[in-house]
Amino acid sequence: MKVSAQARRSFSSSQKDEIASPSDLQFESPLKIVKYPDPILRANNKRIGTFDENLKKLVDEMFDIMYKTDGIGLSAPQVGMNVRLMVFNSAGERGVGEEIVLINPKIYKYFRKKVLFEEGCLSFPGIYANVERPESVKVVAQDITGSKFTANLSGLSARVFQHEFDHLQGTLFFDRMTEEVLDGIRAELEALEKKYEEMTGSPSPEKVESCVRNRVVAGFGRS
Ligand SMILES: CSCC[C@H](NC=O)C(=O)N[C@@H](C)C(=O)N[C@@H](CO)C(=O)O
Ligand SMILES: [Fe+2]
């Protein structure tokens, strides 16, 4: 039976709120970036309930690989960890700008104004294309100690936050592209699918050519 990407993300509320166990937070150094179409990028991401030294080490290593790979944001599933954690620094350079860590983030307000921006994703090396998103969002999250905070984000910070938040929902940037924009990167996505098949010896778990598109283009404000 074929299960659509949308159906795979339609969990019961209990599954959505599942708390990560210590084994879900175990990782090997150095972290590696998970590339499309690895199914890890579409899996459920569990909430984090333990704020300890292991979590701090994971966050440090996520910043390390984000800077090394010229990223400005990174979500835990992109390093093989299916938990609700993201880091970002829109300056993209250690020691410049602000390092932000958001654990169990939620968006509680999307501003109406939407803007187009040419996005790239570390899980899709070298691929850039336009994605429309709200210009500003209000978010609530926990910090590395577990304390709750709220933030008003706009401009590049709002862009990076929403890109990473999508990863925590199993949504990838091409899910939000118009058909026209998607057509411009289709061949590059298919090349990544072929590479995955050659490296794993397994069929690609999803194909941009045949998939019924997960129409999230207009879907802000739904979780
Ligand atoms: C604009 S949201 C991009 C967030 C993304 N995070 C994870 O996938 C990311 O860091 N993408 C990089 C390819 C990126 O945008 N890098 C910057 C700085 O090098 C760029 O302008 O390409
Ligand atoms: Fe990404």
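One is the number of the first residue; the rest follow in order along the sequence. Side-chain atoms are counted along with the backbone in the values below, which use heavy atoms only and exclude waters and symmetry mates. Counting convention: from 1, in listed order, for ligands and their atoms alike.
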Q: For ligand 1 and Val160, I'd like to know whether there is a polar contact (N/O to N/O, distance under 3.5 Å).
A: no
Q: So, does Phe117 sit close enough to ligand 1 that a heavy atom of it is under 4.0 Å from the ligand?
A: yes
Q: Just distances here: any N/O of Gly73 and N/O of ligand 1 closer than 3.5 Å?
A: yes
Q: What do you reckon, does Asp70 have a nitrogen or oxygen under 3.5 Å from a nitrogen or oxygen of ligand 1?
A: yes
Q: Considering non-hydrogen atoms only, spot the tightest contact between Leu156 and Phe117 and give its length.
A: CD1-CZ, 4.0 Å
Q: For ligand 1 and Leu74, I'd like to know whether there is a polar contact (N/O to N/O, distance under 3.5 Å).
A: no
Q: Quiz question: by atom type and distance under 3.5 Å, do the side chains of Glu99 and Tyr67 form a donor-acceptor pair?
A: yes
Q: Please determine which of Glu190, Glu198, Glu197 meets the salt bridge (charged side-chain N to carboxylate O under 4.0 Å, His left out) test together with Lys194.
A: Glu198
Q: Is the closest N or O pair between Gln78 and ligand 1 shorter than 3.5 Å?
A: yes
Q: Counting both backbone and side chain atoms, is some N or O of Leu122 under 3.5 Å from an N or O of ligand 1?
A: yes
Q: Can you find a side-chain donor-acceptor pair between Gln78 and Ser75 that sits under 3.5 Å?
A: yes
Q: Does any N or O of ligand 1 fall below 3.5 Å from an N or O anywhere on Glu164, backbone included?
A: yes
Q: Specify side chain, backbone, both or neither for Phe88, according to which of its non-hydrogen atoms lie closer than 4.0 Å to ligand 1.
A: neither
Q: State if Phe124 counts as touching ligand 1 under the rule of any non-hydrogen atom under 4.0 Å.
A: no
Q: Verify the contact flag for atom 21 (O) of ligand 1, where contact means a protein heavy atom under 4.0 Å away.
A: no
Q: I need the single residue from Gln142, His167, Gln169 that forms a side chain to side chain donor-acceptor pair (under 3.5 Å) with Arg84. Which is it?
A: Gln169
Q: Please confirm whether Tyr36 and Phe174 have ring centers closer than 6.0 angstrom.
A: yes
